[in-house]
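Throughout, residue positions are numbered sequentially from 1 according to the sequence presented.
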Amino acid sequence: MSDAENTKRVVRDALREVLGDAHFGGAHVGNATGPVGGNAPACADDLCEPRYAPPPRVRDRAALEQLRTTTPARIAQGRTGTRYLTSVYVGLRAEHAIALDAVHSETPDDFAAKLGAVALRTRAKDKEEFLLHPDQGRRLDDASLARLDTEATKDVDVQIIAGDGLAAWAILRQGEVLVPALAAEFQRVGFRVGKPLFVKNARIGVQDEIGVRTRAKSTVILVGERPGLGTGDSLSIYTAYGPKLGQDNAEKNCISNIRPLGLPPERAARECAELMRRTFAAGGGGLKLVRAANGAARGPAGAKP
């Protein structure tokens with residue numbers, strides 16, 4: 001038996017196993033003949049398309065439309081044959097363009113001043129190098145290291161870092177609200193907070209070097225995430241306790257999807273302060289924080305939760 005014939009047999013047997021014999025014999029490939037619903041395929045090439053039942057009708061279109069308005073996710077889009085509707089296809093292309101624009105967006109030169117932050121930049125000379133060489137976005141350039149040593153607050157509990165990341169739009173749209181909100185929430189729970197820093201062409205890992213150089217007990221970095229369709233304004237916060245160069249992600253925590261359609265900045269700031277409070281109590285973040293939480297849930301040795 002040839003490879004093509006064997007492939008056809010495997011596909012046909014798999015379809016018959018899932019759909020049953022009654023689904024074969026109606027809609028054929030080629031000019032097949034034979035009774036609808038017959039057990040034996042009558043296609044010339046011995047392979048028939050399954051006869052699928054029609055999709056169920058929508059019983060409450062108003063309820064469906066209401067459901068669609070509750071989420072930016074693409075649900076109940078409809079189709080024409082096996083293809084997207086034209087309006088859906090055009091919408092997908094537009095949202096893809098938004099994501100591309102977000103990746104190539106940049107912050108203006110005066111943005112650090114708007115945040116009241118020390119302006120720093122990584123070793124990535126421009127956006128192209130930042131995108132092509134990720135490691136260049138994880139360390140500061142020499143001029144920024146010197147500025148960090150002279151202008152940054154040292155030995156604080158929490159150092160707040162704002163970065164552009166993979167979508168500068170995110171920090172542009174959420175940063176001016178989130179940075180002061182974070183500082184206020186950290187201070188509310190008793191942490192000493194350093195003067196905020198802004199890093200251009202920043203990857204998450206740049207928080208490691210900053211934490212080590214400033215001797216901060218912990219760092220939080222705000223970065224624009226790699227955008228999905230139509231979501232170029234989504235920001236994330238990454239927290240790190242006991243900073244060290246090349247700190248493993250398993251020791252860090254993340255709060256994501258910070259934007260008006262997701263987690264509002266003010267609420268994200270409260271959640272981050274609470275997360276950091278628990279991190280300090282556990283003596284570490286990431287997996288260590290999870291283990292501490294699981295231990296607390298179990299209670300003393302031998303005790304039932």
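Closest non-hydrogen pair, Gly232 versus Ala167, comes out as O-CB, 3.6 Å. Shown here for Ala250 and Asp248, the closest heavy-atom pair between the two residues is N-OD1, 2.7 Å. Residues Trp169 and Asp101 approach most closely at CH2-CB, 3.6 Å, considering heavy atoms. Nearest heavy-atom pair, Leu115 versus Ala162, reported as atom, atom and distance to 0.1 Å: CD1-CB, 3.9 Å. Considering all non-hydrogen atoms of both residues, Ala124 and Asn201 come closest at O-ND2, 3.3 Å. For the residue pair Pro243 and Ala216, the shortest heavy atom distance occurs at CD-O, 3.3 Å.
The backbone N or O of Gly190 sits nowhere less than 3.5 Å from a side-chain atom of Arg277 that would complete a donor-acceptor pair. With hydrogens and angles ignored, the 3.5 Å screen pairs no side-chain donor or acceptor of Asp208 with any backbone N or O of Leu245. When atom types are taken as modelled, the side chain of Asp141 and the backbone of Ser144 share a donor-acceptor pair closer than 3.5 angstrom. A donor-acceptor contact shorter than 3.5 Å is absent between the side chain of Ser256 and the backbone of Ser236. Looking only at distances, no side-chain donor or acceptor of Lys154 sits under 3.5 Å from a matching main-chain atom of Arg213. When atom types are taken as modelled, the side chain of Asp233 and the backbone of Ala170 share no donor-acceptor pair closer than 3.5 angstrom.
Residues Tyr238 and Asn249 have side chains not in contact (no heavy-atom distance under 4.5 Å, counting atoms from C-beta outward). Considering only heavy atoms from C-beta on, Leu131 comes within 4.5 Å of Leu166 through its side chain. Using a 4.5 Å heavy-atom threshold, the side chains of Thr214 and Thr153 count as separate. For the pair Thr231 and Arg259, the minimum side-chain heavy-atom distance is below 4.5 Å. Annotation: side chain of Val199 is in contact with side chain of Ile210 (closest heavy-atom distance under 4.5 Å). When side chains are defined from C-beta on, Pro260 counts as touching Gln174, because their heavy atoms get closer than 4.5 Å. Here the side chains of Leu222 and Ile258 are not in contact, with every heavy-atom distance at 4.5 Å or above. Residues Leu289 and Leu275 have side chains in contact (heavy-atom distance under 4.5 Å, counting atoms from C-beta outward).
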>> Is there a side chain to side chain contact (heavy atoms under 4.5 Å, CB included) between Ile171 and Val223? Walk through the geometry before answering.
In response: CA-CA 7 Å; Ile171 195 66; Val223 292; over 6 Å; no

>> Applying side chain to side chain contact (heavy atoms under 4.5 Å, CB included) to Cys272 and Val220, what does each step give before you reach the verdict?
In response: CA-CA 9 Å; Cys272 188; Val220 298; 4.1 Å; yes

> Tyr241 and Lys288: side chain to side chain contact (heavy atoms under 4.5 Å, CB included), yes or no, with the steps?
Replying inline: CA-CA 11 Å; Tyr241 179 87; Lys288 191 168 187 177; over 6 Å; no

>> Determine whether Gln77 and Arg68 satisfy the following criterion, side chain to side chain contact (heavy atoms under 4.5 Å, CB included), listing intermediate values before the conclusion.
In response: CA-CA 9 Å; Gln77 295 294 289; Arg68 291 178 60 180; 4.0 Å; yes

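Using a 4.0 Å cut-off between a side-chain N of Lys or Arg and a carboxylate O of Asp or Glu, Arg192 and Asp157 do not qualify as a salt bridge. With salt bridges taken as basic N to acidic carboxylate O contacts below 4.0 Å, one links Glu274 and Arg278.
The local environment of CG in Asp142 is sparse, with at most 12 non-hydrogen atoms from other residues, nucleotides or ligands closer than 6.0 Å. Around CZ of Arg74, the count of heavy atoms belonging to other residues, nucleotides or ligands within 6.0 Å exceeds 12. The 12-atom threshold is exceeded at CG of Asp110, counting heavy atoms of other residues, nucleotides or ligands nearer than 6.0 Å.
In this structure, Phe130 CZ and Arg123 CZ are separated by 15.0 Å, a value rounded to the nearest 0.5 Å. Here NE2 of His133 is found 11.0 Å from CZ of Arg203. Values are rounded to the nearest 0.5 Å. Atom CD of Glu65 and atom CG of Leu67 lie 9.5 Å apart (nearest 0.5 Å). From Glu176, atom CD reaches atom NZ of Lys114 across 6.0 Å, with rounding to the nearest 0.5 Å. Of the inter-residue distances, the one linking Lys200 atom NZ with Thr107 atom OG1 reads 3.5 Å to the nearest 0.5 angstrom. Distance NZ/Lys195 to CD1/Ile160: 13.0 Å, rounded to 0.5 Å.
A single hydrophobic cluster is seen to contain both Leu148 and Ile204, as judged by linkage of ILVMFWY side chains at heavy-atom distances under 4.5 Å, directly or through other members. No continuous path of hydrophobic side-chain contacts links Leu261 to Leu235 [ILVMFWY only; heavy atoms under 4.5 Å]. A continuous path of hydrophobic side-chain contacts links Tyr89 to Leu92 [ILVMFWY only; heavy atoms under 4.5 Å]. Under the 4.5 Å side-chain heavy-atom criterion for ILVMFWY residues, a single connected hydrophobic cluster contains both Leu178 and Leu263. Connection of Val156 to Val179 is not established within any shared hydrophobic cluster, with ILVMFWY side chains joined at heavy-atom distances below 4.5 Å, either directly or through further cluster members.
Partner Glu209 forms a side chain to side chain donor-acceptor pair (under 3.5 Å) with one of Arg138, Arg139, Lys244 and no other, that one being Arg139. When each of Lys252, Gln207, Gln159 is checked for a side chain to side chain donor-acceptor pair (under 3.5 Å) with Thr219, only Gln207 meets the rule.
Between Phe280 and Phe191, the two ring planes are tilted [angle within 30° to 60°].
Between the side chains of Ser234 and Glu225, no donor N or O sits under 3.5 Å from an acceptor N or O.
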